[in-house]
There are 2 protein chains.
Amino acid sequence: MPQSTAKIVQKTRIQHQNQALILKAALEVFSAFGYRGGTIDQIAKKCGLSKPNLLYYFKRKEDVYVAVLEATLAEWLEPLRGLDVNGDPIVELTRYVSEKLEISLKNPQASKLFANEILHGAPHIQKFLKGPLRDLVEEKSAVILEWVAQKKIAPVDPQHLIFAIWAVTQHYADFSVQVEAIMGSEPKPDRTRKAVIELLLRGLRA
Amino acid sequence: MPQSTAKIVQKTRIQHQNQALILKAALEVFSAFGYRGGTIDQIAKKCGLSKPNLLYYFKRKEDVYVAVLEATLAEWLEPLRGLDVNGDPIVELTRYVSEKLEISLKNPQASKLFANEILHGAPHIQKFLKGPLRDLVEEKSAVILEWVAQKKIAPVDPQHLIFAIWAVTQHYADFSVQVEAIMGSEPKPDRTRKAVIELLLRGLRA
DNA sequence: TTATTTCTTGATCAATTGGTCAAGAGTTGT
DNA sequence: ACAACTCTTGACCAATTGATCAAGAAATAA
């Protein structure tokens with residue numbers, strides 16, 4: 001028992017590489033079929049590993065799912081963080097909506113994964129919702145209320161404004177099938193961006 | 001072979017009753033766990049039938065799912081149908097948003113079932129999306145454009161306006177867990193209604 | 001009542017699937 | 001080269017689950 005202390009959990013190059021492969025494949029599978037619908041066989045096959053080999057890196061299916069889910073949470077919060085009380089409200093909100101929409105369009109799988117998790121009761125991210133997410137929304141609601149108090153924007157319910165921004169931007173990722181069925185083809189990102197910003201923010205100009 | 005023609009498929013009282021039981025239980029199960037996550041055992045147990053008995057009324061699991069899904073589609077379309085080109089735009093749109101929101105709040109399970117189906121590529125309702133839904137959206141987009149042409153409302157992209165209304169109203173059903181986690185409790189329906197209408201329609205007043 | 005149809009279920013099957021294990025292959029440090 | 005550790009896999013297991021079937025119970029029509 002040479003090395004004095006506990007087992008050092010330093011990641012091997014192979015570990016790093018294979019875990020990344022697994023998480024990438026898992027995102028594709030779970031976002032397409034949901035947690036229960038996706039199988040570790042699918043994931044293993046998609047990244048060229050054998051099933052036992054995959055389970056060597058993540059002991060349980062749930063561990064894979066939680067890992068890929070948590071990897072998306074940080075990205076999810078990021079754009080809202082930037083909302084700056086000292087900036088111009090319309091500029092700030094426009095940037096926020098644009099960023100949120102762009103992320104949805106660029107990485108719809110992450111959005112779908114997240115949507116599916118919440119749709120089914122968010123069993124794995126209760127703490128995230130009631131902790132960091134709630135705190136951040138509270139903080140930014142205060143920012144928006146401050147803008148209202150300063151008469152920089154029209155009176156608005158800040159929480160519901162944030163909900164509306166989330167709902168609309170994620171709609172284009174989560175319900176892309178419906179959007180495309182109705183529009184006849186993939187919507188033009190630029191037209192979508194302009195329309196969404198107008199719809200959500202035009203009513204706010206003081 | 002007495003009765004001359006083909007088998008008459010007239011529903012018995014028992015059939016009617018048990019099918020209703022099954023569809024009710026199936027909505028609860030599928031909306032909570034998704035298609036793959038829900039099992040016919042769960043559904044059977046929930047409505048007090050044995051599994052083979054359930055399968056006597058619906059041969060396959062998929063048949064149960066499709067039946068309950070289609071039962072929600074009509075209700076889904078209904079509010080938009082009412083949008084009347086001859087009415088006052090703000091009144092009409094306010095009524096539409098209110099109705100859509102109320103349905104979401106009153107029957108979140110149907111909304112979640114529908115959301116889950118689309119989230120996973122809408123494999124069972126492609127025809128509904130590309131047929132009746134698309135046609136209706138096209139028709140009502142024309143109504144909105146007419147209002148714009150008459151300068152009764154501000155210029156707006158009608159399709160994206162409809163998407164935004166869907167997204168926001170359904171958000172309160174589909175992501176209720178998130179909404180409650182952030183607001184700390186179930187949101188007051190009345191405050192929600194006012195906030196949503198303001199957010200979506202304030203920018204439209206000509 | 002009797003005959004016919006409808007309804008119900010216990011037993012069972014085959015396929016899927018999450019997970020284990022032991023043994024071997026590959027890699028790394030000395 | 002050697003030892004120790006890391007990585008990989010075929011075979012296998014147990015639980016779940018969608019679906020079947022034959023036989024009996026219940027309802028309905030004659």
Side-chain angles (χ1 to χ4, degrees), chain A residues 1-26 28-30 32-69 120 123-124, chain B residues 1-23 25-30 32-69 120 123-124:
Chain A
M1 42 231 75
Q3 57 248 65
S4 52
T5 63
K7 181 77 170 295
I8 295 172
V9 280
Q10 183 154 18
K11 270 196 210 165
T12 303
R13 195 188 65 254
I14 294 181
Q15 270 173 39
H16 202 79
Q17 181 178 308
N18 280 344
Q19 284 182 3
L21 274 180
I22 293 169
L23 290 183
K24 181 169 180 281
E28 294 178 32
V29 169
F30 285 134
F33 304 107
Y35 174 60
R36 304 226 197 180
T39 70
I40 51 181
D41 298 73
Q42 277 178 297
I43 300 171
K45 181 167 288 182
K46 182 156 289 202
C47 60
L49 298 180
S50 68
K51 180 163 64 170
N53 199 11
L54 187 154
L55 287 167
Y56 169 75
Y57 292 102
F58 295 90
K59 289 225 180 309
R60 299 179 304 146
K61 177 189 182 183
E62 200 178 5
D63 295 342
V64 183
Y65 178 72
V66 170
V68 63
L69 187 57
H120 296 94
H124 301 94
Chain B
M1 44 231 73
Q3 55 249 65
S4 53
T5 64
K7 182 77 169 296
I8 296 171
V9 280
Q10 184 154 16
K11 268 197 213 165
T12 304
R13 193 187 69 253
I14 292 182
Q15 268 172 42
H16 202 79
Q17 180 177 309
N18 280 345
Q19 283 182 4
L21 274 180
I22 293 169
L23 290 184
L27 175 61
E28 294 178 31
V29 168
F30 285 134
F33 304 107
Y35 175 61
R36 304 226 196 177
T39 71
I40 51 180
D41 298 74
Q42 278 178 298
I43 299 171
K45 181 166 290 182
K46 183 156 289 202
C47 61
L49 299 180
S50 68
K51 180 162 62 169
N53 199 11
L54 187 155
L55 287 168
Y56 169 77
Y57 292 102
F58 295 90
K59 289 222 179 310
R60 300 179 303 145
K61 177 189 181 183
E62 198 178 5
D63 294 342
V64 183
Y65 179 72
V66 170
V68 63
L69 188 57
H120 295 97
H124 301 94

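Excluded from the calculations below are hydrogen atoms, water molecules and symmetry mates; all remaining heavy atoms, backbone and side chain alike, are included. Please read these numbers as outputs of a predicted model, since none were measured by experiment. Chain A is the first sequence line, chain B the second, and so forth, proteins listed ahead of strands; every chain is numbered from 1.
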* Asked: Does some side-chain heavy atom of B/L23 sit less than 4.5 Å from a side-chain heavy atom of B/Y57?
  ->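 No. Closest side-chain heavy atoms not under 4.5 Å.
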Would you compute the distance between atom [atom1] of [X] and atom [atom2] of [Y] and round it to the nearest 0.5 angstrom?
X: A/Q19; Y: A/I22; atom1: CD; atom2: CD1; value: 6.5 Å
X: B/R13; Y: B/H16; atom1: CZ; atom2: NE2; value: 11.5 Å
X: A/H124; Y: A/E62; atom1: NE2; atom2: CD; value: 3.5 Å
X: B/L49; Y: B/N18; atom1: CG; atom2: CG; value: 5.0 Å

Write down the distance between [atom1] ([X]) and [atom2] ([N]), rounded to a whole number of angstrom.
X: B/F33; N: D/dT16; atom1: CZ; atom2: P; result: 15 Å
X: B/K59; N: D/dC21; atom1: NZ; atom2: C1'; result: 12 Å
X: A/Q19; N: D/dC7; atom1: CD; atom2: C1'; result: 13 Å
X: A/Y35; N: C/dT17; atom1: OH; atom2: P; result: 14 Å
X: A/R60; N: D/dA15; atom1: CZ; atom2: C1'; result: 16 Å
X: A/Q17; N: D/dT8; atom1: CD; atom2: P; result: 9 Å
X: A/D63; N: C/dG18; atom1: CG; atom2: C1'; result: 12 Å
X: A/F30; N: C/dG18; atom1: CZ; atom2: P; result: 8 Å

Going by heavy atoms closer than 4.0 Å, what residues in residues 39-57 of chain A are next to DNA chain C?
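Contacting residues: A/T39, A/I40, A/D41, A/K51, A/P52, A/L55.
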Can you label the angle between the B/F30 ring and the B/Y35 ring as parallel, tilted or perpendicular, going by 30° and 60°?
tilted
- Query: Within the pair B/Q15 and C/dT6, is there a side-chain N or O less than 4.0 Å away from OP1 or OP2?
  - Reply: no
| side-chain hydrogen bond (donor to acceptor under 3.5 Å, both in side chains) involving B/K61 - partner list, sequence neighbours excluded |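 Not a single residue meets the side-chain hydrogen bond (donor to acceptor under 3.5 Å, both in side chains) criterion with B/K61.
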Anything under 3.5 Å between a protein N or O and an N or O of nucleotides 22-30 of chain D, put it in a table, one pair a line.
unit_1	atom_1	unit_2	atom_2	d
D/dT28	OP1	B/R13	NH1	3.3

